[in-house]
Participant: 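Before we start, here is the structure in question, set down as structure tokens.
The sequence lines fix the lettering, A, B, ..., with proteins before strands; numbering per chain opens at 1. As the structure is a prediction and not an experimental result, all values here were calculated from the model.
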Amino acid sequence: MNTHVEVREFDSNPLDAAEALSFVDAAGNGAGSLFVGVVRNLNQGRKVRAVSYDVFAPLAEQGFAEICSEAQQKWGDDLRLYVAHAKGRLQVGDISIVLAAGSPHRAEAFAACRYLIEEIKTRSPIWKQEHYMDGDSDWVKGHALCGHD
Amino acid sequence: MNTHVEVREFDSNPLDAAEALSFVDAAGNGAGSLFVGVVRNLNQGRKVRAVSYDVFAPLAEQGFAEICSEAQQKWGDDLRLYVAHAKGRLQVGDISIVLAAGSPHRAEAFAACRYLIEEIKTRSPIWKQEHYMDGDSDWVKGHALCGHD
Amino acid sequence: MIVKVQMFGAFRVLGDQIEVKVREGGSVSDLRDSMLQYAQNADLSDLLAVSKFASQSSVLGEDAICSSGEVLAILPPVSGG
Amino acid sequence: MIVKVQMFGAFRVLGDQIEVKVREGGSVSDLRDSMLQYAQNADLSDLLAVSKFASQSSVLGEDAICSSGEVLAILPPVSGG
């Protein structure tokens, strides 16, 4: 398999950029593009202390795999792709998502990595609950998921 | 300083993606984009065993810093940027370049990281000598550097 | 019949999973109606109206038929990983 | 006067640095001419013609004046990191 997709319980096993890079590495690959999403201390003007990620794992992982397959159709079957999304409560600075694309050439690696993050952001059954410094918590407003047909 | 630029002797200290990510991380940054260039086992149909990178370090580092400053002008002074290029003889699979951009938002992180690699590739005083499986070695053909004026 | 519905996002206030009574042969649309009382109690009726339902492998249309004992999921609007 | 020139890329066959005799007040263009003999010996005259010279901080134009004892660098076409 040249793709790895995963929803991971953050408590038991934090996401790891080095693992992602190592997965997409291959002797023929000259380029690796990696994206890391990290919990910020500020969102829309409110001070954030932590974020809980709720994920419908089976559907999310299936969607990740579909998105990877689309990227390989666009930029080459030889692309190696890695997707991992955290589930659970994360503190500011913790990694919520790691993506990596390995390719013989950099244009494809960048394009694929960018495609993964944009598609995952809009199509994945993932919900964020922000915990603010003032003690409040809120589920972040989102947009409706579409079916595929 | 929110930028780090470096030409590094590969023998003494291999490049390290985790170091790059850790440098561009900051509490306000939600996104990190990383690029890793790796020695491939094939170039233009010839089997490659190793590559020697020759670098005119003072001019290269000055150029890296200029390119970082251009990226900050384009995508924000708050960008954190990391550039490290290896110098010396690398085996297939070894990392020749690591770039990272950290930003509050992903569009800027991706754009800046892509800008860094494209500009570094065309503007840096760096020369590659490929060592082939058949025992031959060749300096890779290149293009003339331009002055800034 | 009883349909089990896994809760996600803001619906977590209702628990991890609830059991909803739906008429035999009912559709996702009927399931949505049957959930209205739960949603109202938690001030989530607006959210229920814009949420989708899914099986373990796909998002379902309003006309999809529910089976007794089936485990579905309610998917409120997603906030993007 | 003597100008020291650091070798890079294919010019490394000539060593890490060579000393080149240039007329007093000579320019980069004169330095290039003075290097021709070295380059010919190593079959590098074509490469010399398309190479630039640089100080430790900038690429130099052909008219830049060399100073005695200065350490310059010869930059053959770059192959892109």
Side-chain angles (χ1 to χ4, degrees), chain A residues 15-22 24-45 47-49 51 78 80 90-118 120-121 128 130 133, chain B residues 15-22 24-45 47-49 51 78 80 90-118 120-121 128 130 133:
Chain A
L15 301 188
D16 181 356
E19 180 185 313
L21 278 176
S22 142
V24 302
D25 192 21
N29 284 352
S33 176
L34 180 99
F35 178 78
V36 174
V38 174
V39 176
R40 294 171 60 203
N41 61 359
L42 201 71
N43 191 28
Q44 302 190 318
K47 289 185 183 164
V48 173
R49 183 173 49 175
V51 173
D78 54 354
R80 291 183 65 83
L90 279 66
Q91 305 301 312
V92 168
D94 285 342
I95 297 179
S96 58
I97 186 168
V98 175
L99 305 172
S103 164
H105 302 289
R106 69 181 181 279
E108 288 77 5
F110 269 104
C113 193
R114 187 72 200 267
Y115 182 79
L116 294 182
I117 183 66
E118 298 304 330
I120 287 170
K121 285 268 176 184
K128 270 161 76 166
E130 291 182 336
M133 292 303 268
Chain B
L15 301 188
D16 181 358
E19 179 185 312
L21 278 176
S22 142
V24 302
D25 191 20
N29 283 352
S33 177
L34 181 97
F35 178 78
V36 174
V38 173
V39 176
R40 294 172 59 203
N41 61 359
L42 201 71
N43 190 28
Q44 302 190 319
K47 289 185 183 164
V48 173
R49 184 173 47 176
V51 173
D78 54 355
R80 291 184 64 83
L90 279 66
Q91 306 300 311
V92 167
D94 285 343
I95 297 179
S96 58
I97 186 168
V98 175
L99 304 174
S103 162
H105 301 290
R106 68 182 182 279
E108 287 77 5
F110 269 104
C113 193
R114 188 72 201 267
Y115 182 78
L116 294 183
I117 184 64
E118 297 305 330
I120 287 170
K121 285 268 178 186
K128 270 161 76 167
E130 291 181 337
M133 292 303 267

Participant: Any idea which heavy atoms bring A:Ile117 and B:Arg106 closest together, and the distance?
Facilitator: CG1-CD, 3.6 Å

Participant: Just so I understand: if I count every heavy-atom pair under 4.5 Å between each of A:Gly28, A:Gly37, A:Ser33 and chain B, which residue has the most?
Facilitator: A:Gly28

Participant: Using non-hydrogen atoms only, which part of A:Ala107 is less than 4.5 Å away from chain B: side chain, backbone, both, or neither?
Facilitator: both

Participant: At a heavy-atom separation under 4.5 Å, does A:Leu42 approach chain B through its side chain, its backbone, both, or neither?
Facilitator: neither

Participant: Could you walk me through whether B:Leu34 and A:Val36 satisfy the side chain to side chain contact (heavy atoms under 4.5 Å, CB included) test, starting with their C-alpha distance in whole Å, then the side-chain angles of each, then the deciding distance to 0.1 Å, before giving a yes or no?
Facilitator: CA-CA 8 Å; B:Leu34 181 97; A:Val36 174; over 6 Å; no

Participant: Out of A:Pro104, A:Ala17, A:Ala109, return the one with the most heavy atom pairs under 4.5 angstrom to chain B.
Facilitator: A:Pro104

Participant: What pair of heavy atoms forms the shortest contact from B:Val38 to A:Asp25, and how long is it?
Facilitator: CG1-OD1, 4.1 Å

Participant: With sequence neighbours left out, what residues match B:Ala27 under side-chain contact (heavy atoms from CB on, under 4.5 Å)?
Facilitator: A:Asn41, A:Val92

Participant: At a heavy-atom separation under 4.5 Å, does A:Ala31 approach chain B through its side chain, its backbone, both, or neither?
Facilitator: both

Participant: Quick one: are the ring centres of A:Phe110 and B:Phe110 less than 6.0 Å apart?
Facilitator: no

Participant: Hey, what do you get for CZ (A:Arg40) to OG (B:Ser103), rounding to the nearest 0.5 Å?
Facilitator: 8.5 Å

